[in-house]
2 protein chains.
Amino acid sequence: MNKEEQLIMGFRDLYNKMVWLNKSKMEDSLKGYKSSEVHCIEYIGKNVDSNVTKLAESFYMTSGAISKIAKKLIEKGIIESYQKPDNKKEIYFRLTEQGKVIYKIHDELHKEFQERDKAVFEQITEEQFDSMLSFVEKYSRHLDAEIKKLAVDIKPE
Amino acid sequence: MNKEEQLIMGFRDLYNKMVWLNKSKMEDSLKGYKSSEVHCIEYIGKNVDSNVTKLAESFYMTSGAISKIAKKLIEKGIIESYQKPDNKKEIYFRLTEQGKVIYKIHDELHKEFQERDKAVFEQITEEQFDSMLSFVEKYSRHLDAEIKKLAVDIKPE
DNA sequence: ATAATTTTGTTGACAAGGAAACAAAATTAT
DNA sequence: ATAATTTTGTTTCCTTGTCAACAAAATTAT
């Protein structure tokens, strides 16, 4: 196995572990809320004028799935939808007061995770940090371009 | 947003993109096989005496889910199960001839992905590479310890 | 202006995966 | 030796997410 493979598989394993662990902690603290719901709450809390489309793109999920999660969150009174006077098509979301409470709890939890993992980050230098950040960004942009290519493949102009 | 958060979110976004893109390509080339099935084929091809438990642990999935995928792969004739004379409990899997063909195709595809992303890896130095690998490993071990803690929390000795 | 296309969101049918209950074998404790 | 516990795997029921069809609004082309 070469280094590229090793790194990618290391990433995958690391990511899986993090998701699994944080999900456990999350659903333990925020009982009654699934991690996908909390993700949406987080996104809506951070981004004004969130809608189904933006959420779906951000999470690499279908809009159908987001539509259902949003519906559930509205029923629970966590988020509410609103529209703009000049656009009858797009439907935006914002947190309700109750939603802001959940958001806050989620945020605390995030800080807890950071505290938990502080020891790992303290071991790396500022240079290593920056070099990783730049790598991740480069790779991400590279994949954006590849995803774009795929879209053209599917429906050529 | 501090650098730690930025890096974690960068990871997440990168990982999501990669999964989404490679899944698309995969299910395009290996029509009739879901990416979870291909993952299992890959693991079984690489690890002798794979079983439900090991697959589940590796993918952070439940053994129930793996059991179902394995069943489907056996029905399709991609893998076969076997046991050892001194153990009537554990059930192992190996690829059939047909399974090896799928494995081979999957492997080619992997090389294709590497080729596709070569440009990104060429831009980083050997030192950057090693430093990222060591970071990923350290973080991974750190999370292993945390996961262990969680297990003790759930069922104290 | 209006016709064609694209964007946005929702729904219902279906498939994949998780949780829990279970059985059988293996291991550990007494 | 045998009783209690743990490991391994399967199945059933349920939740979540995808896919495809659809409707309505917005945008673009003619």
Side-chain angles (χ1 to χ4, degrees), chain A residues 16 19-21 23-24 26-28 31-41 44 49-76 79-93 151-152 154-157, chain B residues 16 19-20 23-24 26-28 31-41 43-44 49-76 79-93 151-152 154-157:
Chain A
N16 280 338
V19 167
W20 189 89
L21 182 61
K23 192 175 155 179
S24 297
M26 195 80 90
E27 292 178 350
D28 207 43
K31 286 201 208 307
Y33 298 94
K34 297 282 165 212
S35 75
S36 62
E37 293 175 344
V38 178
H39 279 147
C40 286
I41 293 167
I44 293 166
D49 297 346
S50 307
N51 60 6
V52 166
T53 302
K54 285 184 214 156
L55 282 160
E57 279 172 2
S58 165
F59 299 150
Y60 293 83
M61 284 172 66
T62 60
S63 51
I66 302 291
S67 187
K68 286 170 194 169
I69 296 173
K71 195 177 170 187
K72 224 192 284 182
L73 289 175
I74 290 171
E75 279 163 8
K76 284 187 183 177
I79 64 171
E80 57 190 10
S81 62
Y82 62 95
Q83 290 192 287
K84 297 192 177 180
D86 54 327
N87 190 321
K88 291 174 216 161
K89 191 173 63 161
E90 296 182 357
I91 299 166
Y92 305 100
F93 304 121
V152 175
I154 291 165
K155 183 177 40 161
E157 299 136 288
Chain B
N16 280 339
V19 167
W20 188 89
K23 192 175 154 180
S24 297
M26 194 82 88
E27 292 178 351
D28 206 44
K31 286 202 206 305
Y33 298 93
K34 297 283 165 211
S35 75
S36 62
E37 295 175 342
V38 179
H39 279 147
C40 287
I41 294 168
Y43 187 95
I44 293 167
D49 296 347
S50 309
N51 60 6
V52 166
T53 302
K54 285 184 214 156
L55 282 159
E57 278 172 3
S58 165
F59 299 149
Y60 293 83
M61 284 172 67
T62 60
S63 50
I66 301 292
S67 187
K68 287 170 200 167
I69 296 172
K71 196 178 170 187
K72 222 191 287 180
L73 289 175
I74 289 172
E75 278 163 10
K76 284 187 184 178
I79 63 171
E80 58 191 9
S81 62
Y82 63 96
Q83 291 192 287
K84 295 189 178 182
D86 55 328
N87 190 321
K88 288 175 218 161
K89 192 173 63 161
E90 296 182 357
I91 299 164
Y92 305 100
F93 304 120
V152 176
I154 291 166
K155 184 177 39 161
E157 298 136 286

Please work out if [X] contacts a base, only the sugar-phosphate, or nothing of the nucleic acid, heavy-atom cut-off 4.0 Å.
| X | result |
| --- | --- |
| B:K54 | nothing |
| B:I66 | nothing |
| B:S63 | base |
| B:A65 | sugar-phosphate |
| A:K34 | sugar-phosphate |
| A:T53 | sugar-phosphate |

Would one find a side-chain N or O of [X] under 4.0 angstrom from OP1 or OP2 of [N]?
| X | N | answer |
| --- | --- | --- |
| A:K88 | C:dT8 | no |
| A:S67 | C:dT11 | no |
| B:K72 | C:dA16 | yes |
| B:N51 | D:dT8 | no |
| B:K71 | D:dT11 | yes |
| A:S36 | D:dG17 | yes |

Between [X] (side chain) and [Y] (backbone), is there a donor-acceptor pair under 3.5 Å?
| X | Y | answer |
| --- | --- | --- |
| A:E27 | A:S24 | no |
| A:Y33 | A:M26 | no |
| A:Q83 | A:E90 | yes |

Nearest-angstrom distance from the residue atom [atom1] of [X] to [atom2] of [N]:
| X | N | atom1 | atom2 | answer |
| --- | --- | --- | --- | --- |
| A:Y33 | D:dT16 | OH | P | 14 Å |
| B:K68 | C:dG18 | NZ | C1' | 7 Å |
| A:K89 | D:dT28 | NZ | P | 10 Å |
| B:L55 | C:dG18 | CG | C1' | 17 Å |
| B:M61 | C:dG17 | CE | P | 4 Å |
| A:K84 | D:dA26 | NZ | C1' | 15 Å |
| A:E57 | C:dG9 | CD | P | 10 Å |
| B:Y92 | D:dG9 | OH | P | 8 Å |

Between [options], which nucleotide gets closest to the side-chain atoms of [X]?
| X | options | value |
| --- | --- | --- |
| B:N87 | C:dA26, D:dA24, D:dT11 | C:dA26 |
| B:I69 | C:dG17, D:dG17, D:dA26 | C:dG17 |
| B:T62 | D:dT8, C:dG9, C:dA19 | C:dA19 |
| B:V52 | D:dG9, D:dT8, C:dT10 | D:dG9 |

Using heavy atoms to find the nearest nucleotide of DNA chain D for B:I91 and A:E37 separately, return the residue whose nucleotide is more 5′.
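Its nucleotide being nearer the 5' end, the pick is B:I91.
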
Watson-Crick/G-U partner (both atom distances under 3.5 Å) of D:dA26
C:dT5

Both distances under 3.5 Å, Watson-Crick or G-U wobble: report the partner of C:dA16, or none.
D:dT15

Residues, nucleotides or ligands: over 12 heavy atoms within 6.0 Å of B:K34 NZ:
no

Assuming nearest nucleotide by heavy-atom distance, tell me which of A:G64 and B:E90 is located more 5' along DNA chain C.
A:G64

So is A:K84 actually on top of A:Y92's ring, under 6.0 Å and inside 45° of the axis?
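Yes, a cation-pi geometry.
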
Name the one of B:Y43, B:F93, B:F59 that satisfies side-chain contact (heavy atoms from CB on, under 4.5 Å) with B:K54?
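Checked B:Y43, B:F93, B:F59 against B:K54; only one passes side-chain contact (heavy atoms from CB on, under 4.5 Å): B:Y43.
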
Distance col, row A:K23:NZ vs A:S35:OG, nearest 0.5 angstrom, shows 5.0 Å

